[in-house]
There are 2 protein chains.
Amino acid sequence: MKRTKDAPLITKALSNEDAPDLNIIELLFFAYRDFTADPDLILEKIGFGRAHHRVLYFINRKPGMTVAELLDVLKITKQSLARVLKQLIDTEHVVQVTGPRDRRQRELYPTAKGRELALALALPQSGRIARALEESGPENRAAIEHFLKAMVNPDQRAQIDSLPAAG
Amino acid sequence: MKRTKDAPLITKALSNEDAPDLNIIELLFFAYRDFTADPDLILEKIGFGRAHHRVLYFINRKPGMTVAELLDVLKITKQSLARVLKQLIDTEHVVQVTGPRDRRQRELYPTAKGRELALALALPQSGRIARALEESGPENRAAIEHFLKAMVNPDQRAQIDSLPAAG
DNA sequence: AAAAATATGTCAGCCTTGTTGACTTATTTT
DNA sequence: AAAATAAGTCAACAAGGCTGACATATTTTT
């Protein structure tokens with residue numbers, strides 16, 4: 001079988017129509033990997049992990065959230081949440097308040113200490129986003145937000161809208 | 001201290017200049033959560049996890065990658081990789097070839113079976129991306145790719161460029 | 001008023017996937 | 001010949017998911 005010397009034996013692995021969008025797939029992987037690496041450095045120093053970050057983030061984002069609401073946002077089990085939530089309460093980053101209407105519920109609030117930590121964790125991420133927007137053209141912010149939101153399951157976009165001051 | 005009746009006691013939690021970009025922070029969280037949920041369903045059926053997915057993804061993306069290169073992309077330890085790579089080799093999704101120039105190296109290649117699985121895992125993610133691009137305006141693709149790439153640590157963007165047929 | 005449903009908490013144990021540290025083997029470089 | 005490098009392996013540990021079972025307080029339904 002005759003082949004030109006430079007023709008590769010195996011073709012360039014899916015470069016046409018039915019090929020998956022590998023470009024954005026891997027960009028999401030790399031972007032998310034580095035995006036989470038910043039706060040991880042801070043968390044490590046105080047013996048917390050990513051799970052603590054997510055819990056604190058949303059309690060800070062929507063103070064007064066109940067346990068059930070938080071579980072719904074995070075999509076983890078009650079037992080998984082309990083482990084990290086207990087630590088956040090013990091370290092006084094978060095407090096619980098018995099629900100005013102339904103006394104079975106526990107409303108979750110960040111303390112001043114909790115808000116400070118949430119801010120410290122958000123800052124490097126926010127800085128990375130700001131630099132990336134700068135590089136890619138700030139006029140594209142709306143399109144980027146729109147794209148990211150469209151990546152979320154339709155039935156869960158309401159969750160995003162329910163957060164205060166969010167688009 | 002005099003306050004207008006309607007002014008909230010606690011302000012709308014950082015809505016000005018020095019406030020972190022909570023909008024995009026949480027959009028990334030939700031988008032990535034749902035983006036990874038699709039392949040997880042497929043992986044579960046065959047007893048694989050996300051770690052297998054990532055390894056197979058990159059071996060398929062750049063056939064002939066050495067173990068060291070893969071470790072560098074994934075940013076995990078040799079021991080973590082070994083566990084899942086061994087399974088991928090045992091199940092004949094991946095084969096190893098002794099490096100032609102340096103016989104200490106092991107080049108990694110997907111088998112037909114491996115390529116099929118990689119494709120099956122990429123399709124739902126690709127479909128989600130296509131729908132999201134459609135919704136947010138396909139003309140914004142370049143800007144979105146640019147943004148995501150700008151979110152990656154500068155010293156690691158070369159890694160992305162080294163993948164075949166990628167921007 | 002009693003029964004059922006709901007919100008939360010907790011105990012126990014399992015799995016995946018990351019980690020460190022120590023050490024081996026084959027091969028290449030010095 | 002010695003040192004460095006690429007890869008593999010054993011052992012132990014930790015974080016953070018999971019399931020199942022069950023307890024308690026409170027609210028809703030009957």
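This is a predicted model, so every value here is computed, not measured. A, B, ... follow the sequence lines: proteins, then strands. Residue 1 opens every chain.
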Expressed as a whole number of angstroms, how long is the span from [X]:[atom1] to [N]:[atom2]?
X: A:Glu44; N: C:dG18; atom1: CD; atom2: P; answer: 16 Å
X: B:Asp40; N: D:dG16; atom1: CG; atom2: P; answer: 18 Å
X: A:Leu41; N: C:dT19; atom1: CG; atom2: P; answer: 14 Å
X: B:Arg103; N: D:dG8; atom1: CZ; atom2: P; answer: 14 Å
X: B:Leu43; N: D:dC18; atom1: CG; atom2: C1'; answer: 17 Å

B:Arg157/A:Glu135 salt bridge by N-O under 4.0 Å criterion: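 Yes, A:Glu135 and B:Arg157 are salt-bridged.
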Pair B:Lys149 + B:Glu145: basic N to acidic O under 4.0 Å: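 Looking at B:Lys149 and B:Glu145, the cut-off is not met.
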Can you see which heavy atom on B:Arg128 is nearest to which on A:Val152, and at what distance?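 Shortest heavy-atom contact: NH1-C, 3.9 Å.
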Assess whether atom NZ of B:Lys86 is packed by more than 12 heavy atoms of other residues, nucleotides or ligands within 6.0 Å.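 12 or below, so no.
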Counting only side-chain nitrogens and oxygens, does A:Thr77 get under 4.0 Å of the OP1 or OP2 atom of D:dC18?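 Yes.
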Tell me every residue that passes ring pair (Phe, Tyr, Trp, His ring centres under 6.0 Å) with A:Phe48, counting only those two or more places apart in sequence or in another chain.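 With sequence neighbours excluded, A:Phe48 shows a ring pair (Phe, Tyr, Trp, His ring centres under 6.0 Å) to A:His52, A:His93, given in chain and number order.
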The criterion is ring pair (Phe, Tyr, Trp, His ring centres under 6.0 Å); which residues satisfy it with A:Phe35, sequence neighbours excluded?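 Per chain and number, A:Phe35 pairs via ring pair (Phe, Tyr, Trp, His ring centres under 6.0 Å) with A:Tyr32.
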Would you mind building the protein contact string for nucleotides 7-17 of chain C? One character per nucleotide, 5' to 3', B for base within reach (heavy atoms under 4.0 Å), S for sugar-phosphate only, - for untouched. SBBBB-----B
